[in-house]
Amino acid sequence: MSQDAEVGDGTTSVILLAGEMMNKCKELIEDGVHSQVLIRAFRKAGQIADARIREVSRDIMGSSATERREMLMRCAGTSLNSKLVSHQREFFAGIVTDAVLTLDADSLDVSMVGIKKVHGGSTTDSHLVAGVAFKKTFSYAGFEQQPKSFDNPKVMLLNLELELKAEKDNAEVRVNSTADYQAIVDAEWDIIYAKLAACVETGAKVVLSRLAIGDVATQYFADRDIFCAGRVSEEDMRRVQRAVGGSVQTTVNHLVDGGSSILGQCGRFEERQLGKERYNVFTGCPQAKSATIIVRGGSDQFLEESERSLHDAIMIVRRAIKHPTAVPGGGAIEMDLSRHIRSAAVKIEGKDQLIMSAYARALEVIPRTLCDNAGFDSTEVLNKLRAAHASADGNHCYGVDLDSASVVDTWAKAVWEPAVVKLNALAAATEAACQILAVDETIKNPKNEQPGAGGGGPAPGGGPGGMGGMMGRGGRGVRRMGGR
């Protein structure tokens, strides 16, 4: 979905808003209002909402680095408030904010923030690594003899096998003497040792490869105080390359003549024990700023959900830095938009007034859902919100208070949402509703109405203006788009 791709959060809001908009349209369509009239009024209401969000949004970037970090933490905390890790939102908000602030300020490339899941330990054992970290790969016996930490090491990145290759099936080599056979065996060993010697001559202290590094190469590097790791995943190899510099080599020929651009370098490399696993950690990377979040937890489900929650928060902080404006959360901005669109609708004649009022009522689904999820009486809380937003003081920041089942100034309580998230969510929901309304009618195959035919079952009866039945799966049909 575009909402997730563009801003990384707010996908649930888009679905709720689009569904409620269609629900409000149902009564109007049944009364004979044409779908194109609905579409024009909805887009007009969407434009009013867009302008209002830009009007009430506030700049959240403080005058100092401390204030800026605090503001970004509040945005991250608001995103995490509805997630599984909400009980530790302040803890994770700090980690997420520090991770994004570690990135290059110009690009803010979130692919340079890795999230690694480690089983065991408490949630609060999660921490941030200011660099690149990935799980220790498969290794052979000689690996334990290799050094596990370096200061300012040169790093070689390979996409090359460093092991003896097995002969092909049914391969046949005819020799006339044992000397010829030994020459073939020696040539095989000479090839692998020539590759290893070429790697050592470069002065690299850390050798990583996308492909396997065999037991002979592992012991060879261990004897020369060099760390190696084979079968490194493509994602981790890409992050290491962008962090330490250098280039991935597919051959060991002319490595020494290639200059310093071939090798990368970092401030420190070490292997750390995290839970039951060991991780290779690169810090002090000069080429690109990067970070890795180590998430701890007791179950796969918790770790997967934590990763998704942190990704949403990372995207929110990134967007807040690029577009440093925010609006009050907790349903406050939706209630203000609802009131503002109603006020604008009464000045418009014709059917548009009724349709825009329906659009305004649809926006109240966000605070209503917040109340329902918290177990509150949504009708009572929404009445309080309408009264608060209609009061003479003109404060548009009143939203749902999940602590007291009442209303509160969510801006003063630091419940904020980036304005770009709300702008994109409203635009996406409005456009989705208009696209569905643009379907005039659906032609369905009568055979699908027979039990067990076509796999789709009977479809609901069609109706005018785009609220007709959908085709059953397996049936043939045509949807006609646009005006009649």
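Heavy atoms of other residues, nucleotides or ligands lying less than 6.0 angstrom from NZ of Lys276 number 12 at most. The environment of NZ in Lys135 is sparse: at most 12 heavy-atom neighbours from other residues, nucleotides or ligands sit within 6.0 Å.
For residues 230-244, the pairs satisfying salt bridge (Lys or Arg N to Asp or Glu O under 4.0 Å) are Asp109-Arg242, Lys116-Asp236, with sequence neighbours left out. Annotation: salt bridge (Lys or Arg N to Asp or Glu O under 4.0 Å) contacts involving residues 89-100, sequence neighbours excluded, comprise Arg69-Asp98.
A distance-only check finds no donor-acceptor pair linking the side chain of Arg319 to the backbone of Val420 [under 3.5 Å]. A donor-acceptor contact shorter than 3.5 Å links the side chain of Thr137 to the backbone of Gly230. At least one donor-acceptor pair closer than 3.5 Å links the side chain of Gln146 to the backbone N or O of Cys228. The closest donor-acceptor contact from the side chain of His127 to the backbone of Asp125 lies under 3.5 Å. Under the 3.5 Å distance criterion, the side-chain polar atoms of Lys83 are matched with a main-chain donor or acceptor of Ser79. A donor-acceptor pair under 3.5 Å is formed between the side chain of Ser126 and the backbone N or O of Thr123. In this structure, Ser209 contributes its side chain and Leu160 its backbone to a donor-acceptor pair below 3.5 Å. A donor-acceptor contact shorter than 3.5 Å links the side chain of Thr78 to the backbone of Trp416.
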For this session: Step by step, work out the side chain to side chain contact (heavy atoms under 4.5 Å, CB included) result for Leu80 and Ser86.
Result: CA-CA 5 Å; Leu80 294 171; Ser86 59; 6.0 Å; no
For this session: Test side chain to side chain contact (heavy atoms under 4.5 Å, CB included) on Met156 and Leu208 and set out the steps.
Result: CA-CA 6 Å; Met156 175 180 288; Leu208 305 180; over 6 Å; no
Exercise. Could you walk me through whether Val216 and Tyr140 pass the side chain to side chain contact (heavy atoms under 4.5 Å, CB included) check?
Worked result: CA-CA 9 Å; Val216 174; Tyr140 292 92; over 6 Å; no
Problem set entry | Verdict with supporting geometry, Asp312 and Ser309, side-chain hydrogen bond (donor to acceptor under 3.5 Å, both in side chains) | CA-CA 5 Å; Asp312 288 353; Ser309 303; over 6 Å; no
For this session: Output, in order, the C-alpha distance, side-chain angles, deciding distance and verdict of side chain to side chain contact (heavy atoms under 4.5 Å, CB included) for Leu101 and Leu103.
Result: CA-CA 5 Å; Leu101 290 177; Leu103 302 178; over 6 Å; no
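Every residue meeting the salt bridge (charged side-chain N to carboxylate O under 4.0 Å, His left out) condition with Arg43, not counting sequence neighbours, appears here in chain and number order: Glu431. Partners of Phe269 according to the ring-ring contact (aromatic ring centres under 6.0 Å, His included) rule, which considers only residues two or more places apart in sequence or in another chain, are Phe227, Phe282. Applying the ring-ring contact (aromatic ring centres under 6.0 Å, His included) criterion to Tyr220, with sequence neighbours excluded, gives Tyr193. Among residues two or more places apart in sequence or in another chain, the side chain to side chain donor-acceptor pair (under 3.5 Å) test is passed with Glu271 by Arg278. Judged as a salt bridge (charged side-chain N to carboxylate O under 4.0 Å, His left out), and not counting sequence neighbours, the contacts of Glu305 are Arg308. Every residue was checked against the side chain to side chain donor-acceptor pair (under 3.5 Å) condition with Asp225, not counting sequence neighbours, and none meets it. With sequence neighbours left out, the side chain to side chain donor-acceptor pair (under 3.5 Å) criterion links Thr218 to no other residue. Residues forming a salt bridge (charged side-chain N to carboxylate O under 4.0 Å, His left out) with Arg58 (at least two apart in sequence, or on another chain): none. Residues passing the side chain to side chain donor-acceptor pair (under 3.5 Å) test with Thr178, sequence neighbours excluded: none. A search for salt bridge (charged side-chain N to carboxylate O under 4.0 Å, His left out) contacts involving Asp215 returns nothing, not counting sequence neighbours.
Defined by atom type and a distance below 3.5 Å, a donor-acceptor pair is present between the side-chain atoms of Ser122 and Thr124. Counting only N and O atoms by type, the side chains of Gln249 and Thr251 include no donor and acceptor under 3.5 Å apart.
At least one side-chain heavy atom of Asn81 sits under 4.5 Å from a side-chain heavy atom of Leu402. Proximity of Val155 to Gln265: side-chain heavy atoms (C-beta onward) are nowhere separated by under 4.5 Å. Between Leu128 and Thr292 there is no side-chain heavy-atom pair separated by less than 4.5 Å. Put simply, the side chain of Tyr279 does not reach to within 4.5 Å of the side chain of Gln273, judged on heavy atoms. Taking 4.5 Å as the limit, every side-chain heavy atom of Cys266 sits out of range of all side-chain heavy atoms of Thr283. Considering only heavy atoms from C-beta on, Val206 stays 4.5 Å or farther from Lys154 through its side chain. Between Leu158 and Arg210, every side-chain heavy-atom pair lies at or beyond the 4.5 Å cut-off. Side-chain contact between Val85 and Phe91 is absent, with no heavy-atom pair separated by less than 4.5 Å.
Heavy atoms only, all atoms of each residue included: Val252 and Ala198 are closest at O-CB, 3.7 Å. In terms of heavy atoms, Met335 sits closest to Pro367 at SD-CG, 3.7 Å. Asp409 and Tyr398 make their closest contact through N-CD2, 4.0 Å (heavy atoms, listed as atom of the first residue, atom of the second, distance). Minimum interatomic distance between Asp401 and Phe376 (heavy atoms only, all atoms of both residues): O-CE1, 3.7 Å. What you find for Ser57 and Ala419 is that their closest heavy atoms are CB-CB, 3.9 Å.
Here Ile191 contributes atom CD1 and Asp186 contributes atom CG; the two are 11.5 Å apart, rounded to the nearest 0.5 Å. For the atom pair Leu423 CG and Ile53 CD1, the distance stands at 4.5 Å (nearest 0.5 Å). Atom-to-atom distance recorded for Ser306:OG and Arg296:CZ is 12.5 Å, nearest 0.5 angstrom. Of the inter-residue distances, the one linking His396 atom NE2 with Glu55 atom CD reads 8.5 Å to the nearest 0.5 angstrom.
When each of Val421, Leu17, Ile333 is paired with Leu426, the side chain to side chain contact (heavy atoms under 4.5 Å, CB included) condition holds for Leu17 and for no other.
Between Glu417 and Lys422 there is a salt bridge, with a side-chain nitrogen of the basic residue lying less than 4.0 Å from a carboxylate oxygen of the acidic one. Salt bridge Asp151/Lys205: absent, no basic N to carboxylate O contact under 4.0 Å. Classification of Arg54 and Asp50 as a salt-bridged pair holds, one side-chain N sitting under 4.0 Å from a carboxylate O. Between Arg272 and Glu270 there is a salt bridge, since at least one side-chain N of the basic residue sits less than 4.0 Å from a carboxylate O of the acidic one.
Within the cation-pi definition used here (under 6.0 Å to the ring centroid, within 45° of the axis), Lys117 does not qualify as a partner of Phe302.
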